[in-house]
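Heads up: the structure comes next, in structure tokens.
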Number of protein chains: 2
Amino acid sequence: MSKSSDAVHAILRQSEGFRSAQDIFTKMRADGAKIGLTTVYRALQSLSDDGRVDMLRTDDGESVYRACESDVHHHHLVCRRCGHTVEVAGPDVERWAEAVGAEYGFTEVTHTVEVFGTCPDCASAAGSR
Amino acid sequence: MSKSSDAVHAILRQSEGFRSAQDIFTKMRADGAKIGLTTVYRALQSLSDDGRVDMLRTDDGESVYRACESDVHHHHLVCRRCGHTVEVAGPDVERWAEAVGAEYGFTEVTHTVEVFGTCPDCASAAGSR
DNA sequence: GCCGATTTTGACAACGGTTTTCATTTTGCC
DNA sequence: GGCAAAATGAAAACCGTTGTCAAAATCGGC
Ligand SMILES: [Zn+2]
Ligand SMILES: [Zn+2]
Ligand SMILES: [Zn+2]
Ligand SMILES: [Zn+2]
């Protein structure tokens, strides 16, 4: 699970935002790579398991992946239009989530936090349209 | 889109946690209701659009719904095992999300925040097992 | 290098939740 | 009742994802 995995990881590293499996598959094929869609899914699965890529679900239920620069826990500010993504730390949110869980006696507390918006570039492009 | 919608809403109101469309459909059929799965989906869609029910996606990509008591913006603390759900307000999180968006010049900022954990009941049940 | 064992691969089928289709039924209105 | 509009639901289509399984690549031992 190595050569293909690395190839998929490389594609993700040269991508700006989150990308879907199909998306990656199409791009790799266009680049001339001989890879199957199944293998892309497997690579993404193992990369995700190893924490080498972040995964999140879009509104329409599609899983999308990104090779993040930070390897510690963080969240994302994602442009709804172009996918441009900023990695953001949120110590306040971490504490809040823990506190909320503790308040009601919940254990093994985890959380999902994503922020969406329109990035400056897309905002100005839309404004001048 | 009213009679069925109300029936689905009623089912949700007498449910403790989040439930899936299929789940609701099965229960209604078991209760003797003559309703189709398509109608359940349509009812959930419109209830969700009208903000009368909250929707979120489980880890495995299933959409689940809940009739929340509060009609203002809030988040959820959900038990991973039994689905028991607590509605929580998070003014700090709201401010944080806004601030993060503003920091990078993003507009129309929205966010998704969910907290998961194991509720006290499920924790003690598991402990005594 | 050679060869068998092990792992990886990928075309294709299958899966499952959701949406679309479309003919039938129910509803609202006169 | 009669009629148009809206709602309904069975079945098919959809689509991202996962399973299957035989072929191909890789790894060790010799
Ligand atoms: Zn953008
Ligand atoms: Zn966090
Ligand atoms: Zn529980
Ligand atoms: Zn919020």
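The structure presented is a predicted model; accordingly, all values stated were derived computationally and were not measured. In what follows, every heavy atom counts, from backbone to side chain, and hydrogens, waters and symmetry copies are set aside. Per chain, numbering begins at 1; letters A, B, ... match sequence-line order.
Rounded to an integer number of Å, the gap from CG of Asp60(A) to C1' of dG17(C) is 13 Å. Atom pair Asp59(A):CG and dT19(C):C1' shows a separation of 17 Å (rounding to whole Å applied). Between the NZ atom of Lys3(A) and the P atom of dA25(D) there is a distance of 9 Å, given to the nearest Å. Nucleotide dT18(C) holds its P atom 11 Å from the CD atom of Gln45(B), rounded to whole Å. Look at CG on Asp6(A): it is 16 Å from C1' on dA25(D), rounded to the nearest Å. One atom, CG of Leu44(B), and another, P of dA7(D), lie 16 Å apart when rounded to the nearest Å.
Within 6.0 Å of CG in Asp50(A) there are more than 12 heavy atoms belonging to other residues, nucleotides or ligands.
Looking at the side chain of Ser63(A), the nearest of the listed nucleotides dG17(C), dT17(D), dG10(C) is dT17(D).
Summary of helix geometry: the two end axes of the helix from dG1(C)-dC30(D) to dC30(C)-dG1(D), each defined by five base pairs via their C1' atoms, are inclined to each other by 30° (rounded to 10°).
Between Thr85(B) and Arg66(B) there is a side-chain heavy-atom pair separated by less than 4.5 Å. Taking 4.5 Å as the limit, some side-chain heavy atom of Arg95(A) sits within range of a side-chain heavy atom of Asp92(A).
For DNA chain C, the neighbouring residues in residues 17-38 of chain A, judged by any heavy atom under 4.0 Å, are Arg29(A), Lys34(A), Ile35(A), Gly36(A), Thr38(A).
One cannot find a donor-acceptor pair under 3.5 Å joining the base of dG17(C) and the side-chain atoms of Arg57(B). Put simply, the side chain of Arg42(A) and the base of dG19(D) share no donor and acceptor less than 3.5 Å apart.
In this structure, Tyr41(B) reaches the dT18(C) phosphate: one of its side-chain N or O atoms is under 4.0 Å from OP1 or OP2.
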Side chain to side chain contact (heavy atoms under 4.5 Å, CB included) assessment of Phe106(A) paired with Arg80(B): CA-CA 10 Å; Phe106(A) 279 53; Arg80(B) 210 177 279 111; over 6 Å; no
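Between the side chains of Glu87(B) and Ser70(B), no donor N or O sits under 3.5 Å from an acceptor N or O.
Taking the ring centroids of His75(B) and His111(A), they lie at or beyond the 6.0 Å cut-off.
Sorted by first and then second residue, the ring-ring contact (aromatic ring centres under 6.0 Å, His included) pairs involving residues 15-40 of chain B (not counting sequence neighbours) are Phe18(B)-His76(B).
Here Asp54(B) contributes atom CG and Ser48(B) contributes atom OG; the two are 8.0 Å apart, rounded to the nearest 0.5 Å.
Taking the charged nitrogens against the carboxylate oxygens, Lys27(B) and Asp31(B) do have a contact shorter than 4.0 Å, which makes a salt bridge.
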